[in-house]
Every structure is written in C-alpha cells, then in structure tokens.
A.B. asks: 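Input: one structure, supplied below.
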Amino acid sequence: MHDYAILGVAYADPLIAIRSQSDSGVALWDTTTGTTKGRILNQDYVVSVAFSPNGRIFATLSDSSTVRIWNVMNLVETNDLGLIAFYRQKSGGIFFSQDSLLLCAFHTGNARVWDAQTMTPIFYHDSPHGIMEYQNVKLCAFSFDSTRLAGVDRGNQLYVWNPRTNTSVQTTIPKYYSEVFATFSPVDSSLLAAVLSQTIFLWRIDEELQVVAKISLGKGIYGMPSFSSDGKYLAYGPLCWDVVTPLPPQPYTGDSPPSSFDGHQLQAYSFLFYKDGWIHSAFPDGPLLPLPTEFRSIELDRHWHAFGESVLFMNKLGEPVVIDCSPILARARQN
C-alpha cells in the first residue's frame, strides 16, 4: 500500500498535489477551501510532480520513468512524453525553468530537457550525438534566465550545462552521501550555490568552475538553499548569510528576515521550520506554536513545506493542513 505524500506545491495558486494511499492516483487540493479540485489516475507509482510557474500545466514522473503533462484547469492529459529510462525505481525528480519554457526530468541516472511549449526534447542523456552521456546524472536546478542547468553524477563531478547549446563546464566535488541541492543567484547566473555533505559551496562559473566560498553547517540543519531576489543573501534552513560584500559570507544578524526574500522562486522561501513537535521561527528566534499531538507521529521531514509565514503539512488522514503563522509572528516581533 502506498503512503500519503505531498508531491508538489503550486505557490502562485493555492494548489498542492498529493499521492493517494489506496492507489497510484494523485489528488489536487485547493488549500484555501480544503477541498479536492480533482484526481488523476496513473497506472504507475508517481514519484514527483511539478507545477509550471505560470500555473497552466503540471507534470508527473512515475516509477516507470514516464513523464506526463496535465492541464491544471480540467486535469486532462495534454502530452505523454514517454520514457526517460528503463528501470523501475521510486526516486527521481521533475521541474520547470523559472520562465515555464523548459521542463527537466531525471530518473535512474537518465535525464532529459524538453521545450515546454512544443514538448520536443532538446537535451537528453541517450543522445546519439554524445550529449550528456554521463553515468547516473542527477539534475539540480535551472538558472533564473534558463541558460544554465546544474547537475551531479556518481563520479563526484559537478556539471553546468547550457541546455540549448549543449555545452558544459565541470569540476570534481567532494564525495557526497545524500541529496545535492543547488540554486543559482537570480541576478547573476554565473553564481551557483550547492549543499554537499553539510557544507555550502559557492561557485563562480566562467570557462571553468571556481570555488569562491565555503560555509560549514552544523548537524541537524536541513533545508533548501535559496538566494534573496536581489542576490545579496543566501539562506539555508533557519540560517542566512550576506554573500555579496565582503567574502567570505557573513552571518545575517537582523531582527527580521531580509525583505528581499519575497517569494520570487518556485517555492517561496520561509524561515519557519519544524523541531521537536513545534513550529519554530528564525526571526525572531524560537518556538512559535506546538503541533497537535495527532500530527507529531507523522514523518514531517517528508511532508513539511513552509512558504512565507505559512506552513503546510499532512495529518494522519492524508489531508493537507495549512497554518498561517503571520499573527503569531507579528506579536512575537512586538515583544
């Protein structure tokens, strides 16, 4: 029996995609009304869902490595992009570029990029021309201008490609034992941040990849790296640094989060996090609200999403719960 899971969140619209427990279907929930917008049924186990930033379509990736495109309004399948690999595995990822023009999926080491308007492949692993013929490629992120795509492989190589010209630069990275998360600066596509084994690396991309800074992280700190919209700050979990001047990065010491974390990305950044049965805040620092007992036994590391001053997670019944923490934060900041 499959477990409940939040597979994708559309932050521009109040929609989330949830995998059903009883079958391989995916339900779209409207978080403002607490009702389902509808369900789609797949013959395969869906491992990832991505909403386009313009809110018009969403893509599903199944464990059979099949990519399908769906219309958000009527949940009608608009494209079946077929297989990107040939091995069943319940892992993988799918994501759109910031301008909604490119779609990327990776699974069991194979990867492809499609033109999201024509749904034609423009960049893929099994190209007869030798494009991207690397072992176990896992793609991480598009740059905000969609000219670069970052990925890693099992050979401890970091690649940055131009998916339209099929050119790349690469460098050797430290051996990693967990997921690699990466993001580009929204104002400078030559600046890349990636988290590798409890260290954040900052690379400058030119004719080669050059490390310009490293930030060591403590144990038990988790999150997704994110730049502020002006590119001045870099955040990870509840931590934040000034990465512009001077280098090395300096810890941010303000009493409130930088205003330039304004939700410009696919997933609006939040300084709210879960710890020991409580919703915690980084600004101000400390616990905000205890979660009811019935929510504490679920695996919140798999079902927790925070965006802005709200948090989203699932209860034991497989229903999404949204908590707006803005009134609590406002009172805490006044004290």
Side-chain angles (χ1 to χ4, degrees), residues 1-82 84 88-96 100 103-107 116 119 224 263 265-268 270 274 291-292 294-308 310-324:
M1 180 175 289
H2 300 323
D3 60 335
Y4 292 116
I6 295 175
L7 298 177
V9 181
Y11 293 98
D13 298 309
L15 292 176
I16 61 174
I18 296 175
R19 181 172 57 234
S20 171
Q21 184 180 27
S22 59
D23 54 38
S24 56
V26 173
L28 261 63
W29 283 71
D30 185 325
T31 57
T32 59
T33 63
T35 59
T36 56
K37 179 180 175 65
R39 299 179 76 251
I40 60 173
L41 293 176
N42 277 47
Q43 294 180 345
D44 303 315
Y45 186 86
V46 175
V47 297
S48 184
V49 172
F51 290 90
S52 64
N54 61 20
R56 298 174 184 172
I57 58 177
F58 67 98
T60 59
L61 172 66
S62 70
D63 69 341
S64 66
S65 304
T66 300
V67 177
R68 293 183 171 91
I69 308 298
W70 308 82
N71 187 305
V72 168
M73 296 301 297
N74 54 22
L75 304 187
V76 172
E77 183 177 346
T78 61
N79 288 88
D80 183 343
L81 300 182
I84 62 170
R88 297 184 70 87
Q89 182 179 343
K90 294 176 182 178
S91 65
I94 190 166
F95 53 97
F96 285 88
S100 298
L103 172 66
C104 176
F106 62 89
H107 201 235
M119 296 304 169
M224 294 286 288
Q265 299 180 327
L266 287 175
Q267 179 172 330
S270 176
Y274 173 77
L291 293 180
E294 60 265 28
F295 297 138
R296 293 187 185 179
S297 62
I298 66 174
E299 299 178 39
L300 277 175
D301 59 333
R302 298 176 58 214
H303 302 302
W304 171 276
H305 294 261
F307 48 101
S310 297
V311 298
L312 163 66
F313 55 92
M314 295 181 67
N315 62 21
K316 289 182 178 180
L317 299 177
E319 300 168 334
V321 177
V322 179
I323 299 178
D324 181 2

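Every value quoted in this text rests on a predicted model; they were computed, and no experiment measured them.
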A.B. asks: Could you tell me which non-hydrogen atom of Ile94 sits nearest to which non-hydrogen atom of Ala105, and how far apart they are?
C.D. replies: CG1-CB, 4.0 Å
A.B. asks: To check you understand the geometry: which heavy-atom pair defines the closest contact between Pro53 and Phe96, and what is its length?
C.D. replies: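 Scanning both residues completely, I find the closest heavy atoms to be CD-CB, 3.7 Å.
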A.B. asks: May I ask you to decide if the ring planes of Phe58 and Trp70 are parallel, tilted or perpendicular, using 30° and 60° as cut-offs?
C.D. replies: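 Plane angle under 30°, so parallel.
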A.B. asks: Side-chain contact, heavy-atom cut-off 4.5 Å: Ile57 with Leu103?
C.D. replies: no
A.B. asks: Say you draw a straight line from CG of Leu312 to CD1 of Ile323; how long is it, rounded to the nearest 0.5 Å?
C.D. replies: 10.0 Å
A.B. asks: Keeping the roles fixed (side chain from Ser100, backbone from Asn54), state whether a donor-acceptor pair exists under 3.5 Å.
C.D. replies: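 Yes, the answer is positive, given that a donor and an acceptor are paired below the 3.5 Å cut-off.
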A.B. asks: Any donor-acceptor pair under 3.5 Å linking the side chain of Ser270 with the backbone of Gly308?
C.D. replies: yes
A.B. asks: Heavy atoms, side chains only, cut-off 4.5 Å: are Tyr274 and Leu291 in contact?
C.D. replies: yes
A.B. asks: Grab the two heavy atoms, one from Ala50 and one from Phe95, that are nearest each other, plus how far apart they are.
C.D. replies: CB-CA, 3.9 Å
A.B. asks: Between Met73 and Lys37, what is the shortest heavy-atom contact and its length?
C.D. replies: O-NZ, 3.6 Å
